Amino acid sequence: MVKNGLKAALVSLSLVLTLSCTIAPTYSRRDIDKSIKKICEEEFNINVKSWLVQDTIWVYAPFKKVFDDNFSWEKETLENVRKIFLALSRVLLSMDERPSFFIFVVSDVEKSGSDLYYIGFIPDMMKMQKLFISLGQWQEREVIMSFLNPQALGDYQGYHIKKYNLTMGEFISYLINQNVRKYFTAPQTKDVFQINNLKTGYANGKLSILLDISVIKDDATGLADPLRVTKETAGKLLKIYSDFDEISEIEIIDAVNNRQHSYSKKELLGGS
Amino acid sequence: MNTRAKRLKKTIKLHWIKILVAVLGVVFLTVFIILLIVGLRNFFSLESFYKRQFLSVIPFQIFISIVTGFVFVIFYSFMYMWLFFGGGFAKLSQKKIKEKEVDVKWSDVIGMESVKLEISEVIKLLKDRAQLKRIGGKVIKGVLMVGPPGCGKTYLAKAIATETGLPFLPSVGSEFVGIFVGLGAMRIKSLFKQARTLADINGGCIVFIDEIDSIARPRVGVSGFGGGISHNATINQLLSELDGLRQEESNIVIIAATNVNEEELDPALMRAGRFDRKVYVDYPQLEDRKNLFKYYLDKTKYDPDIDVAVLARKTVYFSPADISNMVREASLIAVRNNREITIMKDLSEAYDRVEFGFKSGLLLSEKEKVWVAYHEAGHAIIAYLMHPTTDVVKASIIPRKGFLGYAHPVPREEIHIDTKNQLLASIKTSLASYVAEKLKFGSTGSGVNTDFSNALKTAHNMVYRWGMGETGILGNFYTPGIFHPTYGLTVSEKIRQKLDEDVQKILSSCLKEVEEILTKEKDLLEYFARELLKKEELEYDEIVEIFKKHGKERPQSSAS
């Protein structure tokens with residue numbers, strides 16, 4: 001009985017191992033754009049455009065109406081956006097040599113002429129799918145940007161989108177911008193601070209942040225000052241992506257006090 | 001076509017189980033194949049991530065299955081071994097007692113001197129095994145102790161264990177009777193296995209099976225419902241274990257105790273080589289009873305005037321357990337009466353409690369009391385004047401344990417042979433109540449029921465068993481072959497008639513004699529009954545005093 005059991009276990013294990021080795025990825029990097037398009041069209045009946053630019057996969061989804069008159073999501077559009085995300089994640093999950101970033105652009109091509117960018121680091125997305133990180137953590141690591149763009153009007157092919165390969169430095173700079181902005185527009189801070197200007201950029205290993213956030217109310221006791229918040233946000237993000245050494249220096253230009261601060265990556269990681 | 005259909009029908013009828021199994025097998029296989037195909041198709045239609053996700057779980061599931069399988073196999077094997085080879089449920093109720101825990105010294109065994117002598121030889125043989133082997137003697141393997149309950153068989157077995165310094169494995173016959181067939185045999189096997197292990201470790205072991213009659217009754221035919229299988233299996237296992245002991249020199253001694261006759265046990269168990277020694281542990285004799293009273297009284301504070309010889313004489317056929325119980329009861333009575341020491345009166349009261357139970361609290365009317373008093377007076381007078389071997393130690397009209405009064409006869413000594421004279425005296429004593437009632441009230445009551453039963457039984461046995469009838473017909477008519485449990489006696493009607501006539505003659509002559517005596521001693525009867533009514537209970541001394549007052553003395557003991 002024991003012998004037979006062991007035999008059965010060994011056979012099953014061998015079968016599993018063999019099957020595991022023979023499972024080829026369903027989607028390949030070469031055809032990633034076509035695969036996303038195909039799933040969206042065949043399974044969800046949504047027309048999208050997709051391009052792979054070096055290590056970044058771009059998805060363009062034009063919709064006649066993205067938001068209603070109250071600037072809330074159109075129900076049908078929102079559902080379709082979710083379906084496109086599902087197609088994107090399915091392809092990314094079952095492929096080899098995944099790209100590093102995705103940029104998903106939702107455009108209102110009929111009514112307002114606007115672009116909504118979803119930018120994410122694909123390994124983070126995989127972690128979220130495999131439940132290694134929570135949805136909340138994922139949302140903190142996803143960049144969402146929106147622009148009014150008249151060029152979008154009537155553009156069903158995505159001509160107005162300037163496709164480029166996103167780097168980690170640029171991605172982190174977007175994230176810093178988004179998270180600092182989110183902090184100072186939160187209900188408890190929005191009446192105390194005013195964002196006059198906030199720009200982030202990356203070039204040649206240097207992350208530059210132009211910080212122009214002024215205090216508009218005398219009583220700001222207990223609330224962090226913009227420079228500290230920016231430093232902490234940058235430090236936190238650099239820590240999350242510490243495996244990437246593209247960024248070596250961080251420069252913060254404090255336009256309110258007219259001062260310029262320069263930090264090394266190490267300094268920010270140390271929590272200073 | 002019709003023939004074919006019939007053949008098909010018959011074939012189906014003949015092989016319907018096989019056909020059913022085959023159909024079920026085909027259905028199962030088809031369903032399995034369909035499910036497999038569907039499952040595989042679904043699996044291969046999955047995207048690679050989900051395929052891997054699915055497969056990644058399988059090795060863990062296999063691992064869990066293997067672990068579960070191993071745990072199950074180990075548990076199953078353990079349970080199997082435990083149930084069938086290790087004693088199983090039997091072990092749950094089995095306990096080993098080391099010789100230190102038994103703690104019954106040889107000197108504590110009292111009141112059975114002759115038995116002790118016999119057993120001491122067994123102990124000696126157990127201790128001197130080597131010497132016995134040298135001279136080629138066979139070691140004793142089994143000792144069967146037969147005797148009435150409460151005579152100290154278990155106590156003796158414990159003392160043997162202490163004396164030999166061997167571990168003691170006690171068990172009771174009823175432990176080997178279980179609801180499962182074979183459980184008894186399994187328990188026997190387990191008991192002996194444990195005994196062998198203990199013997200290996202300690203150089204010997206004593207297995208004590210109390211009430212062995214529970215399992216050692218003769219084997220029976222197996223009834224329709226399997227009754228008897230378990231019982232037979234248990235005895236067979238016991239026999240085989242005893243034989244095993246004979247073959248192996250493991251120094252295990254089986255001591256069994258029973259209170260039934262050895263004839264009632266399975267003959268195979270009784271044959272030579274199994275229970276080599278049979279020790280009869282009977283009721284203690286006069287001297288033994290004296291020792292027992294002394295032993296138990298010494299454990300309490302008691303009046304030094306208490307004469308243990310008187311107590312011993314009074315307690316014929318008392319077991320050591322009864323004596324112990326009597327002394328304990330006496331101590332309790334003393335405590336209840338705020339006395340520091342036990343006195344003779346306490347012991348007398350305790351005797352009544354042991355012998356007759358507690359006073360019942362039943363209230364008799366005055367008329368009934370008078371009736372009972374004359375009834376008991378009749379018994380007492382005839383027993384005193386006519387019985388050669390029995391004393392009336394007490395008379396009472398206080399109801400106890402289901403009877404309204406008593407005149408308690410106690411043999412002056414242990415009687416092993418009943419002579420005709422004694423038997424007739426017993427009949428007369430029994431009939432005396434009837435005569436007394438008749439003389440006093442001119443009528444008789446239902447109270448003579450038991451007395452008549454006793455008288456008739458004795459007379460019947462005298463004639464049918466012991467050739468004491470007037471016609472001189474000899475023979476024990478209850479010998480198997482002549483007497484059948486279902487059909488009764490297989491003698492001619494003529495013989496039977498004569499025998500019955502003899503029985504009635506005995507009863508009539510006894511009745512006549514009793515009538516004569518009680519008529520003659522009417523004053524004594526009146527006086528005795530009145531005294532009894534006055535005092536409700538008369539002790540031995542008071543009884544003797546009444547007779548002395550009337551110039552009467554007991555006849556001398558005579559076995560003729």
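This is a predicted model, so every value here is computed, not measured. The chains referred to below are lettered A, B, ... by the order of the sequence lines, with proteins before strands, and numbering in each begins at 1. When reading the values below, keep in mind they use all heavy atoms of this one structure, side chains included, and skip hydrogens, waters and symmetry mates.
Heavy-atom neighbours of A:Lys83 NZ from other residues, nucleotides or ligands within 6.0 Å: above the threshold of 12. Heavy-atom contacts from other residues, nucleotides or ligands closer than 6.0 Å to CD of A:Glu41 number more than 12. Heavy-atom neighbours of B:Phe54 CZ from other residues, nucleotides or ligands within 6.0 Å: at or below the threshold of 12. By the 6.0 Å contact criterion, CG on A:Asn45 is open, its count of non-hydrogen atoms from other residues, nucleotides or ligands being 12 or less. Summarising the local packing, CZ of A:Phe132 is surrounded by 12 or fewer heavy atoms from other residues, nucleotides or ligands at distances under 6.0 Å.
The distance from the OG1 atom of A:Thr26 to the OH atom of B:Tyr50 is 10.5 Å, given to the nearest 0.5 Å. Taking CZ of B:Phe49 as the start and CE of A:Met126 as the end, the distance is 8.0 Å to the nearest 0.5 Å. In this structure, CD in B:Glu47 is found 5.5 Å from CD1 in A:Ile39, a value given to the nearest 0.5 Å.
Scanning all heavy atoms of the two residues, the minimum distance from A:Pro25 to B:Ser48 falls at CA-OG, 3.6 Å.
Interface residue B:Phe44: only side-chain heavy atoms are found under 4.5 Å from chain A.
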